[in-house]
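A quick write-up on the structure given underneath.
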Protein chains: 2
Amino acid sequence: MKISASIATTRDIAVMAGVNQSTVSRALAGSSRIGARTTKKIWKACRTLNFVPNAIARGLRERRSRTLAVHIPFGAETVLADPFIPEFLAGVSQEAGRRGYAVILSYPDPERCGNEFVNLVKSRRADGIIITTSLRQDPRFALLARERIPCVVARQDVRLGAMMACVDIDNREIGCDAVRYLLTQGHQRLGIITGKVDSLAAYDFLAGCRDALRERGLRVRDARIKQAPVTFQAAYEATRKIMAERPAPDAILANTALTIFGVLAAIRDAGKTITAMGIDSPLLRGLYPELPRIQSPILELGKTMTATLIEMLTTGRRPESETMLRARIVPRA
Amino acid sequence: MKISASIATTRDIAVMAGVNQSTVSRALAGSSRIGARTTKKIWKACRTLNFVPNAIARGLRERRSRTLAVHIPFGAETVLADPFIPEFLAGVSQEAGRRGYAVILSYPDPERCGNEFVNLVKSRRADGIIITTSLRQDPRFALLARERIPCVVARQDVRLGAMMACVDIDNREIGCDAVRYLLTQGHQRLGIITGKVDSLAAYDFLAGCRDALRERGLRVRDARIKQAPVTFQAAYEATRKIMAERPAPDAILANTALTIFGVLAAIRDAGKTITAMGIDSPLLRGLYPELPRIQSPILELGKTMTATLIEMLTTGRRPESETMLRARIVPRA
DNA sequence: TTGAAAGCGCTAACAT
DNA sequence: ATGTTAGCGCTTTCAA
């Protein structure tokens, strides 16, 4: 019985197949100029020895690890509850796996510095970074540009470094489409709950809302707009305040998967029946199937960011333009 | 201006500090027998050259990558929505980071085979695996044992391999405590919604429920027990069925963070006011602050599994016993 | 206390 | 079509 089934090296394969070690390497890499007979012998040896190539050795030699890091720099409370995260990670993981890349997870540790994620690349553990921050003027971006870290980011108001690409969901369009939809449905006085303005997502979303309001000849200040942290509690409180204003809103719009639940709870507790519209999630769909929703392509976002990063790592150049993903409005049932 | 700030090697440091490359290596490893003056020079050179050690090279030499993989083998729909995941990953990531380990994410790709996670270790990308499956008789376990993969798993009914350790939340205790609590509160006819029996979590949870029922002299069949997939819809339907039975239940208990919402929706739609009790989450706490809840130590589970795996990798031996984490009952507000 | 040298397992340039 | 050889950047004997 074999003691250990997994320490076979290309050398062992070479010995068993009676060829040179570099021939093994070539055969496994799919080089064309290898004899059919030799190839067969090599593959057989691989199977019997249960060979799996040592990715570390390959990485050292090739100077890349075929691994990418995904950094999720939210505040602690959001990180633990946002339904965005599992779906996004699944997208990243699937696309990376399909292309032979592994994924390193880089959560921020609230206790620590928070910039170690660049070291994942500098230490060659990862070839590039996917970073989901939505902060405006995030200091991380200067760092990434300065260190020349290949990365894909959500759209930013900063100049992109040479190895930075942009993929995002078009939040401005979301805001615009959502407001248009609600107005079309006959709603007159909208309440809008967004994250704080230091979030680019909230900023863009609001800009889109304003576009749609103006388009209909409505003054922006006719809408009740509240900016609150992306937590259940904050959204709840903001909604209560909006509902207390006169004239009272007849529809409320929220721009994150989490806050819409705070909105709904506040509406319920006030005993009102106001239409609420928010980002779709399995839970929202289940709890309030009748409500209109914004379907954000989170899985696709993860996949596209990943594909873009790998493309950039492969070609060595960043794409000419940003990629903007479209969300979809799911009308009231 | 430096073209690239991050390709410095120990050799470069050595040249700059005027010492041998191996001296640099020793100094950085914190070897005691290095002159104070030399150490100082080396550190200075590291700072000016912006040195970050190449983890790949070190991994090749040390034959370990100081990286661990976390594998999340749920069904697709659950993976995308389960609030368990972000919190668990945060726990893993924090503990790993604190100990100088990186974390590789291994989601299953529904399209693919699903056993590639063992290759993460065989290819030396990871030193060990954290695996969160809760399936009874999961075939993965035989595989992990056969391949001698160091891993930490949730408690299983299988014999553990030499390098397998167990850390789990005590689901039996949860079931027992929850039923006891509801009975103490004066509820007489419990409905219980769990995942399917092929889930060990559901199995143990039910066993605990039975313990508590018997303890009070109640027959198990007096409780309405429904086993449904861990999805919103399934829980909703199961709850409707339970509520239709006679005598009708006066409290319903659910054992996952997701299903409780299906239960609550069904109760709401039926226009009843039945107590529901489920696993705590920020959303549940926000939406129904008055309900009793089961507080599962998910973050701690992630941390403990990680600590256990690293301990095992360091010592080379698995711990003598399983670790069981306790959940806490949060009473009705 | 430090230097010299070997080698982890792989790829690739150069020979044959 | 295949063999030879030289490293990738680090840790770790073995000498001095």
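These numbers come from the heavy atoms of this one structure, side chains and all, not from hydrogens, waters or symmetry mates.
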**Q.** Whole-Å distance separating the CG atom of A/N20 from the C1' atom of C/dT16
**A.** 13 Å
Q: Determine: side-chain N/O of B/T10 to OP1/OP2 of D/dG9, distance under 4.0 Å, yes or no.
A: no
Q. Is A/R63 near enough to D/dC8 that one of its side-chain N or O atoms lies under 4.0 angstrom from OP1 or OP2?
A. no
Q) Expressed in angstrom and rounded to an integer, what is the separation of B/R26 atom CZ from C/dA4 atom C1'? A) 10 Å
Q. Does a donor on one side chain sit under 3.5 Å from an acceptor on the other, for B/R140 and B/T133?
A. no
**Q.** Nearest-neighbour nucleotide for the B/P53 side chain, D/dC10, C/dT2, D/dG3 considered
**A.** D/dC10
Q.
Let me confirm one number: the CD-CZ distance from B/Q21 to B/R26, rounded to the nearest 0.5 Å.
A. 9.5 Å
**Q.** Quiz item: B/R61 side-chain donor-acceptor pair to C/dG9 base, under 3.5 Å
**A.** no
Q: Could you tell me whether a side-chain N or O of B/T314 sits under 3.5 Å from a main-chain N or O of B/I310, the two making a donor and an acceptor?
A: yes
**Q.** Euclidean distance, atom CZ of residue B/R64 to atom C1' of D/dT11 [Å, nearest integer]
**A.** 11 Å
Q. Considering only heavy atoms and no angle criterion, is a donor-acceptor pair shorter than 3.5 Å present between the side chain of B/T38 and the base of C/dT2?
A. no
Q. Looking at CD1 of A/I104 and CG of B/L105, how far apart are the two atoms once the value is rounded to the nearest 0.5 Å?
A. 10.5 Å
Q) Starting at the 5' end of DNA chain C and moving along, which residue's nearest nucleotide shows up first, A/S25 or B/T39? A) B/T39
(Q) With a 4.0 Å limit, can you tell me whether B/R58 has a side-chain N or O closer than that to the phosphate oxygens OP1/OP2 of D/dT11? (A) yes
Q) Quick one: on DNA chain C, does B/Q21 or B/E62 contact a more 5' nucleotide (nearest heavy atom)? A) B/Q21
Q) More than 12 non-hydrogen atoms from neighbouring residues, nucleotides or ligands closer than 6.0 Å to CZ on B/R99, yes or no? A) yes
Q.
Please report the interatomic distance CG(B/L144) to NE2(B/H71), rounded to the nearest 0.5 Å.
A. 9.5 Å
Q | Euclidean distance, atom CZ of residue B/R66 to atom C1' of D/dC10 [Å, nearest integer] | A | 12 Å
Q. Has the side chain of B/R33 got a donor or acceptor atom sitting under 3.5 Å from an opposite partner on the base of C/dT1?
A. no
Q. C/dC8 C1' sits how many Å from B/N54 CG, rounded?
A. 13 Å
Q.
Angle between the end axes of the helix from C/dT1-D/dA16 to C/dT16-D/dA1, five pairs per end, to the nearest 10 degrees?
A. 40°
Q: For A/I56 and D/dT11, give me the distance from atom CD1 to atom P, rounded to whole Å.
A: 14 Å
Q. Between the side chains of A/N50 and B/K122, is a donor N or O closer than 3.5 angstrom to an acceptor N or O?
A. yes
Q. Between A/I34 (CD1) and C/dT11 (C1'), how many Å, whole number?
A. 13 Å
Q. Considering only side-chain heavy atoms of A/L60, which listed nucleotide, D/dC10, C/dG9, D/dG3, is closest?
A. C/dG9
Q) Rounded to whole angstrom units, what separation is found between the CD1 atom of B/I42 and the P atom of C/dT1? A) 13 Å
**Q.** Residue pair B/T304 / B/T323, side-chain donor-acceptor N/O under 3.5 Å
**A.** no
